[in-house]
Protein chains: 2
Amino acid sequence: MPRLVAERGDAVPVLGEIFRKYGYDGASIGLIVQETGLGRSSLYHFFPGGKEEMARAVLEHVDSWFEENIFTPLETGDPDTALAHMYSEVASYFRSGRRICIVGAFALDAVRHPFAREIEGYFTRWIAALERCLLRRGLTGRRAAAAAPQIVALIQGAIVLSRATADPGHFSAALDAAAELGKA
Amino acid sequence: MPRLVAERGDAVPVLGEIFRKYGYDGASIGLIVQETGLGRSSLYHFFPGGKEEMARAVLEHVDSWFEENIFTPLETGDPDTALAHMYSEVASYFRSGRRICIVGAFALDAVRHPFAREIEGYFTRWIAALERCLLRRGLTGRRAAAAAPQIVALIQGAIVLSRATADPGHFSAALDAAAELGKA
DNA sequence: GTCTATATGGAGATAGAC
DNA sequence: GTCTATCTCCATATAGAC
């Protein structure tokens, strides 16, 4: 039976879940050792830059996933299909609000990490892709530019709310409201 | 000239700003000593429960502020006036998104603190007060129940977004969109 | 690559004089 | 109440054998 984590690439998604669950500071190396099953030395062998490099790898992995599964489809696919696809992918990715957005969490986390650029890139990219999709869908430039950030904000806020109240119902309701915002 | 922080009550708002800026883990006691100007011993004299008690005091202070300035007016004042009041108070309280919501940040922070109950209370209280206001304003029960959490989510998400992109424009735009959600 | 052992720093919290 | 000094623990990270 193969090991769960046998190389650097295998570790990244596991690291992502750990950072999501415990936060950047809360994810101590000792905890990471436990949850990944990797030894301390293997961890530093794979990530010589330590915890910062681990988090950076996670952010890159998340960014790639969104680029491939959300952003690109929004810009190249049929607009209506791509939007519906976004909502369903987002719902399952964030487990209807039970799983937080690590980028959003890092954004609120302020000063403790050097990832401001990555965080900004993720959100501006998402908004830009969404805005283009709404434009291609027939919204005016004004309305598309207004709706895109509001949809992203609604999703992020719904994660906060679902987390705070332990009620995933808020999440699906917010996605429905977001879909309304994107209509002509 | 009086000291900035001379008693426990004076310390709480300062502590709030520190937790907002650095997060719960990031706000080390050493940092708190520096920023408040209080000595270690005075700090522990005022807050024998240590950092946890400091954060709890901050959350209680925030909760009282919202109760008095937002929640109660929503339930007792003229609905239209109270709503407009909420948006303007929220905008200045969160400094148009440049200041984060400490309760929202703690909600995403997951496992590192024992404040889940307080966090849930804050958001459910906000949503309940808002829902009642919308009802009194003439929305159907269905629509009020749907719009209230969406408005709160939009505000929280706008804070995330403003923080991530360093663009306060997202915040005021989100407040406008939220106001639209609360119309019949 | 992975192990055990450890260096080093800073965290939260406390003691006891004043 | 506030001071200085200090306790203990655990954090990240590294050394060096295998």
Side-chain angles (χ1 to χ4, degrees), chain A residues 1-59 102 105-106 109-115, chain B residues 1-60 102 105-106 109-115 118:
Chain A
M1 187 170 157
R3 289 257 307 289
L4 184 65
V5 172
E7 49 179 327
R8 190 191 136 116
D10 296 337
V12 175
V14 183
L15 288 171
E17 295 308 317
I18 297 172
F19 283 122
R20 265 181 274 263
K21 249 166 99 178
Y22 301 99
Y24 185 72
D25 290 306
S28 72
I29 301 292
L31 189 71
I32 293 173
V33 165
Q34 281 180 14
E35 303 236 339
T36 59
L38 282 170
R40 257 183 152 63
S41 300
S42 308
L43 216 42
Y44 279 97
H45 176 73
F46 291 141
F47 305 93
K51 199 159 122 171
E52 182 178 325
E53 188 177 338
M54 300 179 208
R56 195 174 297 279
V58 167
L59 287 178
I102 195 171
F106 277 22
D109 205 343
V111 198
R112 301 284 289 171
H113 54 69
F115 306 128
Chain B
M1 187 174 159
R3 291 254 308 288
L4 185 64
V5 171
E7 47 179 329
R8 192 192 134 115
D10 295 338
V12 175
V14 183
L15 288 171
E17 293 310 316
I18 298 172
F19 283 122
R20 266 180 273 265
K21 247 166 100 179
Y22 301 100
Y24 185 72
D25 290 306
S28 73
I29 300 293
L31 189 73
I32 292 172
V33 165
Q34 281 180 14
E35 304 237 337
T36 58
L38 283 170
R40 259 182 150 61
S41 301
S42 307
L43 215 43
Y44 280 98
H45 176 71
F46 291 141
F47 305 93
K51 198 159 122 172
E52 182 179 324
E53 187 177 339
M54 300 177 208
R56 195 175 297 279
V58 167
L59 287 179
E60 279 166 14
I102 196 173
F106 277 22
D109 205 345
V111 198
R112 301 286 290 174
H113 54 67
F115 305 129
E118 286 81 355

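A note on names: the letters A, B, ... follow the listed sequences, proteins ahead of strands, and every chain is numbered from 1. Bear in mind the structure is a predicted one, so any value in this text is a computation, not a measurement.
Take Arg56(B) and apply the side chain to side chain contact (heavy atoms under 4.5 Å, CB included) test, not counting sequence neighbours, and it matches Glu52(B), Glu60(B), Pro114(B), Phe115(B), Glu118(B). The side chain to side chain donor-acceptor pair (under 3.5 Å) check on Arg8(A) picks up Glu53(A), with sequence neighbours excluded. The side chain to side chain contact (heavy atoms under 4.5 Å, CB included) check on Glu17(A) picks up Arg20(A), Arg99(A), with sequence neighbours excluded. In this structure Ala105(A) satisfies the side chain to side chain contact (heavy atoms under 4.5 Å, CB included) test together with Ile100(A), Leu108(B), sequence neighbours excluded.
Looking at the side chain of Ser28(A), the nearest of the listed nucleotides dG12(C), dA11(D), dT2(D) is dA11(D). Relative to the side chain of Ile29(B), the nucleotides dT12(D), dG12(C), dG1(D) differ in distance, and dG12(C) lies closest.
Counting to the nearest Å, the C1' atom of dT2(D) and the CZ atom of Arg8(B) are 18 Å from each other. One can place CG of Leu43(A) at 16 Å from C1' of dT4(C), the figure rounded to the nearest angstrom. Distance Asp25(A) CG to dT12(D) P: 9 Å, rounded to the nearest Å. Between His45(B) atom NE2 and dG12(C) atom P the separation is 21 Å, expressed in whole Å. Between the CG atom of Leu15(B) and the P atom of dG12(C) there is a distance of 13 Å, given to the nearest Å. Residue Glu53(B) contributes atom CD, which lies 15 Å from atom P of dG12(C) at whole-angstrom precision. Distance CZ (Phe46(A)) to C1' (dG1(C)): 7 Å, rounded to an integer number of Å. What separates CD of Glu52(A) from C1' of dA13(D) is a distance of 14 Å, to the nearest Å.
No side-chain donor-acceptor contact under 3.5 Å links Lys21(B) to the backbone of Gly16(B).
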Pull out every protein N or O sitting under 3.5 Å from an N or O of nucleotides 14-18 of chain D, one pair per line with the distance.
| residue | atom | partner | partner atom | Å |
| --- | --- | --- | --- | --- |
| dA15(D) | N6 | Ser41(A) | OG | 3.4 |

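When all heavy atoms of Tyr44(B) and Gly50(B) are compared, the closest pair comes out as CE2-CA, 3.6 Å.
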